[in-house]
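One-based numbering, in listed order, for ligands and for the atoms of each.
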Amino acid sequence: MRRALELARRGQGRVEPNPMVGAVIASPAGEVIAEGWHEHFGGPHAEAGALVRAGTAARGATLHVTLEPCCHHGKTPPCTAAIVAAGIARVVVAVGDPFPAVAGGGIAALQAAGIQVEVGLLDVEARRLTAPFRTLVTQGRPWVIAKWATSLDGRLAAPAGGDRWISSPESLALVHELRGRVDGVLVGVGTAVADDPLLTARPEGPRRATRIVLDGGARLPLAAALVRSARAWPVLVAVGPDADSGRIAALEAAGCEVWRGIEADPHERLTSLLAELGRRRFTNLLVEGGAAVLGSLFAGGLVDEIHAFTAAKILGGSGDALPTLPDPPPVEVEEILHPGGDILIRGLVRRRPEGRP
Ligand code: AOF
Ligand code: ZN
């Protein structure tokens, strides 16, 4: 199962909005017969790939799969039927699939065919692997990754690549890698104006994230790097109900898409924007600041994962800090890295009502 989880990760950035899934078929004695993983959106499922590679050797063997096999006709036929037809004797599943068309039905179908099924091996890891998919399915919004960089005196730096980015080239490369596998990169209009970031992934990754600006008053200048590049790389400007229609028309004429939220309250509008991104099947959203946007997401309990960089520099008073939060959430550290002499803490924000690993 550990190998199957490793295989599944190869699909990161390529399979969304579908889940990353890995599968290993082993003989009753425990020797690996075949491996498979979900390689790209719309492609064969992990189990199907492994079964094809195993051929007749699958008869009587054990299938280890990181997610409950599907039992529905989607873009591919049901995996449960392929597993039964191949003569698999036992299936070990890490975790169930929350997708409504499956949701326990896959396990039930296998059992009804006389296959021995065990559920829960490495379930914590498998749940974490599919956490963005699960958040999208159960909450209808993308998994939110908040990224920020601070100096030793706790001042926020600009989005990666801008003039006020203070971290190492190695840290910068990690941010570009992240941008290249998510569906959206979001900043507030204050950051867009002050730092004029491009927010693209350089080099490009497996996906091209839509660049999103929270801009209640539609004041993003037409001269901004984001607007000037909007025809080459998508930009979504999220405005409020009172935004000037002339400004909206100008942004649209420059190639931006404008999404108009009807809620007057910026917090409510942000929640409604996340629901809109969920309807567009955005699975991962990267938020790069500034302080007000990060604060607003934290206050709304809408941050799932953090990537916090600290650079060994003292800014000495310039720049914002994160705002005061009435109820700051606990952080569960997943890893600590040292890219180019910086400190990078990656972790999960705890106390999620649902969808939290
Ligand atoms: C995958 N890959 O390896 C497994 C999936 O749209 P479809 O037909 O590809 O089906 C997508 C659903 O199938 C997905 O939401 C999940 O519930 C289930 N399992 N999906 O893309 C896989 N095993
Ligand atoms: Zn399937």
Looking only at protein heavy atoms, identify the closest one to atom 21 (O) of ligand 1 and say how far it is in Å. His38 NE2, 2.8 Å
Mind checking what makes side chain to side chain contact (heavy atoms under 4.5 Å, CB included) contact with Pro78, not counting sequence neighbours? His73, Thr80, Ala81
Please confirm whether Pro19 approaches ligand 1 to less than 4.0 Å, judged on its heavy atoms. yes
Looking only at protein heavy atoms, which one is nearest to atom 8 (O) of ligand 1, and how far off is it? Lys75 N, 2.5 Å
Flag the pair Leu214 / Leu273 as yes when at least one side-chain heavy-atom distance between them is below 4.5 Å, and no otherwise. yes
Lys/Arg-Asp/Glu bridge criterion (N-O < 4.0 Å) met for Glu288, Arg211: no
Please identify each residue that fulfils ring-ring contact (aromatic ring centres under 6.0 Å, His included) with His72, with sequence neighbours left out. Phe99
Ligand-side contact atoms (ligand 1) for residue partner Val21, heavy atom cut-off under 4.0 Å: 3 (O), 4 (C), 22 (C), 23 (N)
Going by heavy atoms, is Glu47 under 4.0 Å from ligand 1? yes
Check ligand 1 against His72 and write out every atom of the ligand that is under 4.0 Å from a heavy-atom position of the residue. 10 (O), 12 (C), 13 (O)
Charged N to carboxylate O below 4.0 Å: is that the case for Glu6 and Arg3? yes
Sub-4.0 Å heavy-atom contact, Val15 with ligand 1: no
Quick note on ligand 1: atoms under 4.0 Å from a heavy atom of Thr76 include exactly 8 (O)
Flag the pair Glu118 and Arg90 as a salt bridge only when some basic side-chain nitrogen lies within less than 4.0 angstrom of an acidic carboxylate oxygen. yes
Check for me, please, whether Val95 and Ile115 land in the same ILVMFWY cluster - side-chain distances under 4.5 Å, paths through other members count. yes
Do ligand 1 and Glu68 have nitrogen or oxygen atoms that lie under 3.5 Å from each other? no
Does either side chain, that of Arg280 or that of Thr210, offer a donor lying less than 3.5 Å from an acceptor on the other one? no
Among protein heavy atoms, which lies nearest atom 16 (C) of ligand 1, and at what distance? Asp97 OD2, 3.1 Å
Just going by heavy-atom distances, which of Glu16, His40, His73, His45 is nearest to atom 7 (P) of ligand 1? His45
Residues in salt bridge (charged side-chain N to carboxylate O under 4.0 Å, His left out) contact with Arg346, at least two apart in sequence or another chain: Glu335
Side-chain heavy atoms of Pro17 within contact of Val137, under 4.5 Å: no
Taking only protein atoms, how many N, O or S atoms are found under 2.8 Å from the Zn ion (ligand 2)? 3
Per-atom filter on ligand 1: closer than 4.0 angstrom to a heavy atom of Ala46 are 3 (O), 22 (C)
Output yes when Asp304 and Arg134 qualify as a salt bridge under the 4.0 Å nitrogen-oxygen rule, no when they do not. no
Could you tell me whether ligand 1 has any atom less than 4.0 Å away from a heavy atom of Phe133? yes
Between Arg155 and Ser151, a side-chain donor and acceptor under 3.5 Å: no
